[in-house]
Amino acid sequence: MGVAGDGDEGMRLPRPPSVPMPNSTAVTEFLLEGFSSFGWQHRLVFFAVFLTLYLLTLCGNVIIVTIIHLDHHLHTPMYFFLSMLSFSETCYTMAIIPRMLSGLLNPHQPIAVQGCATQLFFYLTFGINNCFLLTAMGYDRYVAICNPLRYSVIMSKETCVQLAYGSLGIGLSMAIIQVTSVFGLPFCDAFVISHFFCDVRPLLKLACTDTTVNEIINFVVSVCVLVLPMGLVFISYVLIISTILKITSAEGRKKAFATCASHLTVVIIHYGCASIIYLKPKSQSSLGQDRFLSVTYTVITPLLNPVVYSLRNKEVKDALHRAVGRNLSS
């Protein structure tokens, strides 16, 4: 993701006074290159667009969490996981976008090593949490369609809470492994991160020691949090589709597909972008392409969750209408 090239000294920005000179002490601050290569007019346009998308994401997720909490019709496992996903997406975007927006207005702001580590920790925690929440939602759809008579028993409240906590626990543990691995390395001279936030690959590129072990750790973690959940979701949908095709009623098949459409749309976009960024070989990384994909993954994809589940889901729309109707009548 945004991997810096070996010969990009010419692209580096002026060293802030607080950053050590070469061959002195270890680096204590980084400089996020972000969108500094663009003129201020372009950065201003980016700021307006990204701020609008960010506010829409926050509003959409807050509305979804509130509606699900208030409307008893939505107190089901599927909407429990949706509210957890909306909350996680909100925390995920808060870890990245405010700093990115600040960098668009003032591109020469340094970030302390501790601040960089904190941003990476929360980014990884909630990003990985999202992956496994989507997997839990896929399992929920599998049980609902393939084993409907035992749905309430299998997807009990305790099971849903355990799956939610398990997703967050995996996110926390993987984030600790990655942050410890990256920030255990020495950073002696290079300090410009060729990205708009602190991510693993750009940071590894700046380390002044061999990072082979860290690259392996990063690859293993990426496989565990992307390939494994994708595989489970894929198996779930193979079983779901095979069950739906056995339904004799065309209306029944349509209704069954409709209950999965929103989740499947979010899954394809979420895992698709993440896989392109983190699973492709490092040698195929392009700074411009990686930055574009990262914007898609961190700014646009989180907006799809409230948009897709609001526009494509009749129950959410009905709950919203009921809530608006109650407010108007009161």
Side-chain angles (χ1 to χ4, degrees), residues 1-4 8 11-20 27-62 86-127 129-130 175 178-179 182-183 187 190-206 273 277 287-306:
M1 210 179 197
V3 181
D8 57 351
M11 295 171 57
R12 293 184 175 176
L13 300 169
R15 181 186 299 271
S18 55
V19 177
V27 168
T28 58
E29 290 180 331
F30 295 111
L31 201 62
L32 291 166
E33 185 178 327
F35 301 89
S36 59
S37 59
F38 292 89
W40 69 267
Q41 298 98 330
H42 291 102
R43 293 203 309 273
L44 202 58
V45 172
F46 290 155
F47 177 84
V49 172
F50 294 159
L51 177 61
T52 301
L53 293 174
Y54 179 51
L55 293 176
L56 289 173
T57 301
L58 288 180
C59 292
N61 282 322
V62 167
S86 295
F87 176 77
S88 182
E89 289 278 24
T90 301
C91 297
Y92 169 80
T93 54
M94 288 176 69
I96 303 297
I97 300 181
R99 180 83 198 190
M100 181 186 74
L101 292 172
S102 175
L104 284 167
L105 297 179
N106 185 1
H108 297 143
Q109 290 180 7
I111 181 171
V113 169
Q114 296 87 344
C116 191
T118 302
Q119 185 185 56
L120 179 62
F121 173 78
F122 285 110
Y123 166 71
L124 291 174
T125 296
F126 291 108
N129 182 45
N130 292 344
Q178 284 281 55
V179 172
V182 172
F183 287 92
F187 299 95
F191 67 99
V192 178
I193 301 175
S194 298
H195 212 343
F196 57 85
F197 69 95
C198 296
D199 199 10
V200 176
R201 277 189 172 181
L203 283 165
L204 290 180
K205 195 67 179 179
L206 300 183
C273 290
I277 294 169
L287 180 60
Q289 183 188 54
D290 285 350
R291 195 169 299 173
F292 170 76
L293 288 170
S294 298
V295 167
T296 303
Y297 187 64
T298 58
V299 180
I300 299 173
T301 303
L303 179 60
L304 291 175
N305 179 38

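Computed from a predicted model, the values in this text were never measured in an experiment. Count residues from 1 along the sequence.
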Hey, are the side chains of Phe197 and Arg99 touching, using non-hydrogen atoms and a 4.5 Å cut-off?
no
Sequence-distant partners of Ala112, side chain to side chain contact (heavy atoms under 4.5 Å, CB included), two or more places apart:
Gln114
Contact between Phe196 and Ser294 at the side-chain level, heavy atoms closer than 4.5 Å - yes or no?
yes
Flag the pair Thr301 / Tyr92 as yes when at least one side-chain heavy-atom distance between them is below 4.5 Å, and no otherwise.
no
Side chain to side chain contact (heavy atoms under 4.5 Å, CB included) evaluation trace for Leu203 with Phe30:
CA-CA 10 Å; Leu203 283 165; Phe30 295 111; 4.0 Å; yes
Considering non-hydrogen atoms only, spot the tightest contact between Arg43 and Ser36 and give its length.
NH1-O, 4.3 Å
Under 3.5 Å: donor-acceptor pair, side chain of Gln119, backbone of Cys198:
yes
Is any side-chain heavy atom of Leu32 closer than 4.5 Å to a side-chain heavy atom of Val192?
no
If we only count heavy atoms from C-beta on, is the Phe50 to Phe35 side-chain gap below 4.5 Å?
yes
side-chain contact (heavy atoms from CB on, under 4.5 Å) with Leu51: of Ile97, Leu56, Leu101, only one passes, and it is Leu101
Rounded to the nearest 0.5 Å, what's the gap from CZ on Arg201 to CG on Leu206? Could you check?
14.5 Å
Is it the case that more than 12 heavy atoms not belonging to Phe47 sit under 6.0 Å from its CZ atom?
yes
Pair Val295-Phe46, side chain to side chain contact (heavy atoms under 4.5 Å, CB included): steps then yes or no
CA-CA 11 Å; Val295 167; Phe46 290 155; over 6 Å; no
Keeping the roles fixed (side chain from Asn61, backbone from Thr57), state whether a donor-acceptor pair exists under 3.5 Å.
yes
Could you measure the distance from the CG atom of Asn129 to the CG atom of Leu124? Nearest 0.5 Å is fine.
12.0 Å
Between Tyr54 and Pro98, is any pair of side-chain heavy atoms under 4.5 Å apart?
yes
Let me see the working for Ile193 and Cys116 under side chain to side chain contact (heavy atoms under 4.5 Å, CB included), right down to the final yes or no.
CA-CA 10 Å; Ile193 301 175; Cys116 191; 3.9 Å; yes
Around atom CZ of Phe87, are there more than 12 heavy atoms from other residues, nucleotides or ligands closer than 6.0 Å?
no
May I ask you to test the Thr298-Tyr123 pair for a side-chain heavy-atom distance under 4.5 Å?
yes
